[in-house]
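Since this is a predicted model, take the numbers as computed values, not measurements. All values below come from the heavy atoms of this structure, side chains included, with hydrogens, waters and symmetry mates left out.
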Amino acid sequence: MTGTAPVPFTADDYKDRMDRAARQAADAGLAGLLVAPGPDLVWLTGYAPPAVTERLTLLVLAAGREPVLVVPTLEAPDAEKATGAPALALRDWTDGKDPYALTAALLGDRGRFGVSDNAWALHLLGLQQALPGTSYVSLTDALPMLRAVKDAAELERLAAAGAAADAAFEEIRKVRFSGRPESEVAADLAALLRRFGHSQVDFTIVASGPNGANPHHEAGDRRIERGDMVVLDFGGLKDGYGSDTSRTVHVGEPTEEERRVHDLVREAQEAGFRAVRPGAACQDVDRAARAVIADAGYGEYFVHRTGHGIGVTTHEPPYMIEGEERPLVPGMCFSVEPGVYLPGRFGVRIEDIVTVTEDGGRRLNDTERGMVIVD
């Protein structure tokens with residue numbers, strides 16, 4: 001089962017994104033944007049180089065100017081096939097030529113530019129040497145909300161990715177946990193994500209018993225035992241957009257304390273979700289979820305932010321954390337994932353992806369949030 005193929009993005013979609021990025025850069029006082037291979041380049045142009053190498057590939061965006069993609073000549077045929085290619089100009093360079101001189105001619109000798117976070121230092125240093133009068137700032141610092149508000153087609157893909165992750169959970173809860181290594185269950189989860197349409201699996205956390213107190217535990221050789229709480233956190237990309245969900249299951253009947261902590265986290269997750277509405281600050285979601293846990297006396301055991309954005313990557317701005325005062329806007333998508341982690345004992349995390357609507361929020365995950373008993 002992979003579901004219905006999404007409506008493809010068009011050259012006009014990519015043109016609109018590039019135009020918007022260039023305008024936002026100008027509004028932020030930047031001379032332009034320099035986008036290296038990675039999620040930003042895919043989102044802006046639909047182009048992912050066949051391999052990321054030491055050869056310079058760079059998208060140059062500036063308000064009022066045609067977008068230009070600098071590519072190695074041997075990769076130009078691939079770039080020309082990208083859906084967004086009709087909306088930009090290609091400038092190719094051959095081995096033995098100076099790609100920084102070619103790029104410098106597009107920038108001018110002064111100005112401050114936003115640079116995608118995953119640009120290689122090799123290339124940034126090459127540009128600085130060619131243009132000593134320029135300066136640079138990371139794209140996340142300069143335009144953190146560039147990809148944050150999703151359009152209808154993007155929301156459709158995120159919803160489909162969430163539904164696929166939900167389908168994987170419904171299947172994994174049927175398998176045997178007791179007596180098996182965490183790594184085997186993690187492999188089952190990865191296979192299920194692929195079965196339900198994911199092209200890329202980013203993580204499959206299976207954290208049993210005391211390992212559950214480590215929020216980013218890597219599934220290992222520990223054998224899951226009856227009586228264990230097991231944190232499941234898994235996600236990846238389907239049709240280019242991310243999924244990320246967490247549920248905490250129990251092998252056999254839980255203790256009264258385990259039920260109480262699980263119910264507490266579920267209550268906190270619900271409070272965080274209900275805080276989602278247009279105009280609320282990102283930190284309001286964190287505050288709502290955190291207050292429930294703190295009021296119950298477990299505040300010191302909630303050790304991470306309440307949420308992160310999701311889109312063409314599984315972690316991106318905005319972040320639901322104290323101090324983030326940016327307002328929520330319809331179309332933003334992010335996780336709401338409070339947790340309680342008791343060192344040496346167990347952990348509980350419950351996570352849904354949520355999108356901001358015109359009058360509140362909508363969950364993109366809808367599997368059971370109450371205690372699930374597994375074998």
Side-chain angles (χ1 to χ4, degrees), residues 161-162 164-196 198-225 227-238 242-251 254 258 261-262 265-266 268-269 272 289 301-310 313-316 319-320 334-353 364-365 367-369 371-374:
D166 282 359
F169 177 72
E170 294 296 350
E171 291 300 312
I172 201 67
R173 62 184 288 186
K174 300 174 185 176
V175 310
R176 182 172 58 85
F177 280 67
S178 179
R180 300 177 66 203
E182 294 172 340
S183 57
E184 280 190 9
V185 179
D188 288 347
L189 261 177
L192 286 167
L193 285 171
R194 293 190 178 95
R195 172 180 159 192
F196 291 112
H198 281 64
S199 60
Q200 176 178 313
V201 176
D202 287 348
F203 47 89
T204 51
I205 293 173
V206 177
S208 63
N211 290 340
N214 176 0
H216 282 175
H217 171 69
E218 291 282 344
D221 296 332
R222 183 184 187 276
R223 289 191 178 273
I224 301 169
E225 302 172 356
D228 279 349
M229 196 86 89
V230 185
V231 178
L232 305 174
D233 185 350
F234 50 99
L237 298 183
K238 181 182 186 297
S243 69
D244 185 0
T245 187
S246 301
R247 294 292 186 263
T248 303
V249 302
H250 198 277
V251 186
E258 287 170 333
V261 173
H262 193 283
V265 174
R266 181 176 57 172
Q269 207 269 347
Y301 303 113
F302 181 9
V303 296
H304 55 72
R305 64 197 174 201
T306 294
H308 57 81
I310 190 169
T313 58
T314 49
H315 283 211
E316 61 185 45
Y319 298 105
M320 306 302 112
F334 47 85
S335 66
V336 178
E337 52 176 304
V340 168
Y341 308 94
L342 302 178
R345 302 183 62 207
F346 64 88
V348 178
R349 181 161 65 255
I350 300 173
E351 173 185 15
D352 294 323
I353 298 302
L364 300 187
N365 297 104
T367 53
E368 176 60 53
R369 295 177 196 89
M371 179 74 77
V372 170
I373 308 298
V374 296

Treating Ser335 as the side-chain partner and His308 as the backbone partner, does any N or O pair qualify as donor plus acceptor under 3.5 Å? yes
With heavy-atom distances below 4.5 Å as the criterion, would you say the side chains of Lys238 and His198 are in contact? yes
Considering all heavy atoms of both residues, which atom of Ser208 and which atom of Asp228 are nearest to each other, and what is their separation? CB-OD2, 3.9 Å
Could you state the interatomic distance from NE2 (His250) to CE (Met371), rounded to the nearest 0.5 Å? 6.0 Å
Please check if the side chain of Arg369 supplies one atom and the backbone of Ile350 the other of a donor-acceptor pair under 3.5 Å. no
Working for side chain to side chain contact (heavy atoms under 4.5 Å, CB included), residues Val372 and Phe169: CA-CA 11 Å; Val372 170; Phe169 177 72; 4.3 Å; yes
Using side-chain heavy atoms (C-beta onward) and a distance below 4.5 Å, is Leu232 in contact with Val206? yes
Keeping the roles fixed (side chain from Glu182, backbone from Ala207), state whether a donor-acceptor pair exists under 3.5 Å. no
Just checking Glu218: does its CD atom have more than 12 heavy atoms from other residues, nucleotides or ligands closer to it than 6.0 angstrom? no
Where is the tightest heavy-atom contact between Ile373 and Pro254, given as atom of each residue plus distance? CD1-CD, 3.6 Å
CD on Glu184 to CG on Asp221, rounded to 0.5 Å: 10.0 Å
Is there side-chain contact between Thr248 and Val231, with at least one heavy-atom pair below 4.5 Å? yes
Are Ser243 and Asp166 side-chain neighbours, meaning at least one heavy-atom pair lies under 4.5 Å? no
Check Ala219 against Ala186 and note the closest heavy-atom contact, atom names and distance. CB-CB, 3.8 Å
Which heavy-atom pair separates Ser178 from Val251 by the least distance, and what is that distance? CB-CG1, 3.9 Å
Quick one: OG1 on Thr204 to CG on Asp233, what's the gap to the nearest 0.5 Å? 9.5 Å
Is there a side-chain contact between His217 and Arg222 (heavy atoms, below 4.5 Å)? no
Quick one about Thr314 and Asp202 (side-chain donor to acceptor, distance below 3.5 Å, no hydrogens or angles considered), yes or no? yes
Okay, side chain of Arg349, backbone of Pro215: is any donor-acceptor separation there less than 3.5 Å? yes
Working note: Phe177 + Val249, criterion side chain to side chain contact (heavy atoms under 4.5 Å, CB included); need CA distance, chi angles, decisive distance, verdict. CA-CA 10 Å; Phe177 280 67; Val249 302; 4.2 Å; yes
Looking at CD1 of Ile205 and CG of Asn211, how far apart are the two atoms once the value is rounded to the nearest 0.5 Å? 11.5 Å
For a 4.5 angstrom cut-off between non-hydrogen side-chain atoms, does Val230 reach Val374? no
Using side-chain heavy atoms (C-beta onward) and a distance below 4.5 Å, is Met229 in contact with Val261? no
Going through the distances and angles, do Ile172 and Leu192 end up as a side chain to side chain contact (heavy atoms under 4.5 Å, CB included)? CA-CA 8 Å; Ile172 201 67; Leu192 286 167; 3.9 Å; yes
Rounding to 0.5 Å, atoms NE2 (His216) and CZ (Phe203) come to a distance of 8.0 Å
Answer whether the closest heavy-atom distance between the side chains of Phe234 and Val201 falls below 4.5 Å. no
Considering all heavy atoms of both residues, which atom of Gly344 and which atom of Ala213 are nearest to each other, and what is their separation? N-CB, 4.3 Å
Look only at the side chain of Arg223 and the backbone of Gly179, and say whether a donor-acceptor pair between them is shorter than 3.5 Å. yes
Are His304 and Tyr341 an aromatic pair by the rule of ring centers under 6.0 Å? yes
Begin from the C-alpha positions of Arg173 and Arg247 and carry the test side chain to side chain contact (heavy atoms under 4.5 Å, CB included) through to its verdict. CA-CA 10 Å; Arg173 62 184 288 186; Arg247 294 292 186 263; over 6 Å; no
From Asp188 CG over to Glu171 CD, what is the distance, rounded to the nearest 0.5 angstrom? 11.0 Å
Do any N or O atoms from the side chain of Thr306 and from the backbone of Glu337 form a donor-acceptor pair under 3.5 angstrom? no
